[in-house]
Asks: 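Below are the structure tokens for one structure; questions will follow.
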Amino acid sequence: MKGKLTTGLAKRRLAATTAAVSEPTANPLDQPVAALPGVGGERASRLVKLDIRTVGDLLWHGPRRYEDRNQPHEAKSLAQGDDVTVAGTIVAAGVKRMRYGKNLFEFILDDGTARLHCRCWNMPSMERYYKNGDFVHVHGKIKGQKPRTMNHPEAEVSEEGEEFIHLKRIVPVYRLTDGIKQRWLRGVLWHAVEQFAEQAPDTNAELLARDDSHWLPLPEAFKTAHFPDDFSQIELARERLALEEFIRFQRQIRERRRTFQAKVKALPCDGDNRLVTPFLSALGFEFTGAQQRTWGEIARDMAGSHPMRRLLQGDVGSGKTAVAACAALRAIESGFSVVELAPTEILAEQHYRVFGKWLEPLSIPVHLHTGAKKTMGDPGQAELNMENSELQPLVIGTHALVEDKFALDNIGLAIIDEQHKFGVEQRKKLVRKGQYPHVLVMTATPIPRTLGLTVYGDLDISLIDELPPGRGQVRTHIRTPEGLPKVWNFIRDKLAEGRQAYVVYPRVDDEGGGSLKAVNQELENVRKQLTPHAVGLLHGRLKSTDKEQVVAAFLAGKIKVLLATSVIEVGVDIPNATIMLIENADRFGLAQLHQLRGRIGRGTHESHCILVADKATDEGRRRLEVMEKGGDGFVLAEEDLRQRGPGELLGQAQSGLPDFKFGNLIDDWRLIQKARDLVAHEPAD
Ligand code: ADP
Ligand code: MG
């Protein structure tokens, strides 16, 4: 008999009438899982590892995949590489000792059409579970044809009773943990769905009724997602449950914002342009349309009644620094000080240099505050520090700014550059140095739309979607190590023409045995290849003064080539450098390669980025090809998200990432947008 879940229509009617008269009762889904028959304390404590504590958690534990046990594949027609489910009877089973102390457990399954050898290495205890005559379902990839084999299959022995749950239907397969078996969990879920899905409070039904698309009622969605009658229904159910998650999440974001805005008044930064205007006219270039627009958005925020919480997003080289300078000047002309946090000393030094050049003519004190160098409060520097200035200072620094020791009066604005390099806690700590200052965070890592709407949902987003004019083109070339002699020739020619180059390797030191190049070991070779041009070395483990010197020499053109690790990835801006060679390029993520490549193409000369990789894995190869084709950081970021998941892309920001059970941060952009729109138009309660 094939089981059908009761429709529960009668139950629903009953629930509707009682709910109307009685107080809202406790949600039955909040009961601990141990309340279910067959779930004892021992198993309940193991389920916690799967984040399952309540009956509701159980319903939200979606299948990892489904197996069609209506129609298992016939063993005789399987070809190598097929990913399939086969059902049959075990006709032989046993452990074989192999060479080198390995052993192999094998059982042979016969489904009436042919035999299939199922093999598990070094798991002799399996012998206890699979016996001659057992009826099993196995799932996995076909490895060989002679004999037909499947290695480490997922296998499940059928037992008497409850046939309709585990057999002759589309069967859900769940993520498991120690001590929790597939068949047991499926049984528990069957009962949980049957007993409780109907009672899942469909609180968003009314909200969704207003939408153009038809959405399944929540109880239906749970039933179908776990025990579908048809493959075609699964996606509909998944979307309904994903939407539910996204709606809840967007509400949380909205509530956080409302609470914040109700509680906190903004520091008044509606300055009079007495610093911004002279800055813009002395800058030497006109703002692009996108820079003007984003500066307008920032200025409006800063003059508003709630503290600004804005993300300024713009591809590498789009000119975020100058926009941030306007924000800093706006705060200073309104009587406040400003802090700016940068992820590396190299970048902090660069900002110190650039902001110094821009702001000091306006009599604004600009300070550097890093682990190695602190210019503020140094009596020998009183004059240089403009301690007598009427104006509040701008302090630029690294993590040292976040430490308890650092304090600054009157902070009106906190700027965080390359924010993906910082953790949420560091950002909060910096912001807490002031009394709810305005906050501007910047990033050149393009954020795929899904993440912009979720992870950064607390922030307003401004986008610089236009590069300053007059930039030379950047060409990207992929080469193998055999092509290196030609590459060195090419670089030498460009250096002879007066250009400068970066050479990037993944490691500082060769840690032995690896095939990855390390800058310390390769320095001599790079010098030899590029004679007579001067080569400097830059990596994170150098002393600060050495870093500073080598960057200064490169900037001044005394050094022609910078051999570096990915420390140069963020922010470094040296327009005459037009060549970048990256070896072991397949070891870097796409977003990172894009950042690295962003160091060139900043002047008017044509630039070249040469990516060298051994015959890489398919994935590595595909990444490099995406680089070769595309300039658009957003395309790259979406591809990176797809290939490597959000962790890589977001860096430390991911700690704010919710754990969606049915929602998918890669593909569900439309659903996320829908949830956001629905919630935005929902009346406040
Ligand atoms: P990023 O957005 O990557 O931080 P930067 O702010 O470092 O980029 O800007 C890159 C370079 O472009 C800098 O040298 C900057 O002075 C220059 N720049 C910025 N805006 C303009 C503009 N509107 N016109 C010309 N050059 C600009
Ligand atoms: Mg920058």
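When a ligand or atom number is given, it counts from 1 through the structure's own listing order.
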Asks: What part of Glu286 sits under 4.0 Å from ligand 1 if we count only heavy atoms: the side chain, the backbone, both or neither?
Replies: backbone

Asks: Using a strict cut-off of 4.0 Å, indicate which atoms of ligand 1 neighbour a heavy atom of Pro468.
Replies: 20 (N), 21 (C), 22 (C), 24 (N), 25 (C), 26 (N), 27 (C)

Asks: Is Gly314 in contact with ligand 1, taking contact as a heavy-atom separation below 4.0 Å?
Replies: no

Asks: Applying salt bridge (Lys or Arg N to Asp or Glu O under 4.0 Å), name anything that partners Asp677, two or more places apart in sequence or on another chain.
Replies: none

Asks: Atoms of ligand 1 less than 4.0 Å from Ser318 heavy atoms?
Replies: 2 (O), 8 (O)

Asks: Relative to the heavy atoms of Arg602, which atoms of ligand 1 are at a distance of less than 4.0 Å?
Replies: 3 (O), 7 (O), 10 (C)

Asks: Ignoring hydrogens and geometry beyond distance, is a side-chain donor-acceptor pair present between Asp315 and His594 at under 3.5 Å?
Replies: yes

Asks: Could you list which atoms of ligand 1 come closer than 4.0 Å to a heavy atom of Thr288?
Replies: 23 (N)

Asks: Quick test of your reading of the model: are Arg293 and Asp465 salt-bridged, counting only N-O distances below 4.0 Å?
Replies: yes

Asks: Between Trp358 and ligand 1, does any nitrogen or oxygen pair lie at a separation below 3.5 Å?
Replies: no

Asks: Taking 4.0 Å as the limit for heavy-atom contacts, which would you say applies to Asp573 with ligand 1: side chain only, backbone only, both, or neither?
Replies: side chain

Asks: Could you tell me if Thr476 and Glu628 have a donor-acceptor pair between their side chains, going purely by distance under 3.5 Å?
Replies: no

Asks: Val316 heavy atoms, cut-off 4.0 Å: which ligand 1 atoms fall inside?
Replies: 3 (O)

Asks: Return a yes/no value for Gly319: is any of its N or O atoms, backbone included, closer than 3.5 angstrom to an N or O of ligand 1?
Replies: yes

Asks: If we ignore angles and hydrogens, is there a donor and acceptor under 3.5 Å between the side chains of Asn273 and Arg330?
Replies: yes

Asks: Ignoring hydrogens and angles, write down the donor-acceptor pairs under 3.5 Å from the side chains of residues 435-443, residues two or more places apart or on other chains.
Replies:
from, atom 1, to, atom 2, distance (Å)
His438, ND1, Met308, N, 2.9
His438, NE2, Leu267, O, 2.9
Thr443, OG1, His420, ND1, 3.2
Thr443, OG1, Thr445, N, 3.0

Asks: Please list, in number order, the atoms of ligand 1 under 4.0 Å from a heavy atom of Thr321.
Replies: 4 (O), 5 (P), 6 (O), 7 (O)

Asks: Do the rings of His608 and Phe490 sit parallel, tilted or perpendicular, given the 30° and 60° boundaries?
Replies: perpendicular

Asks: Answer with yes or no after comparing the ring centroid distance for Phe279 and Trp358 against a 6.0 Å cut-off, counting only values under it.
Replies: yes

Asks: Could you say whether the N/O atoms of Gly317 and ligand 1 ever approach to under 3.5 Å?
Replies: yes

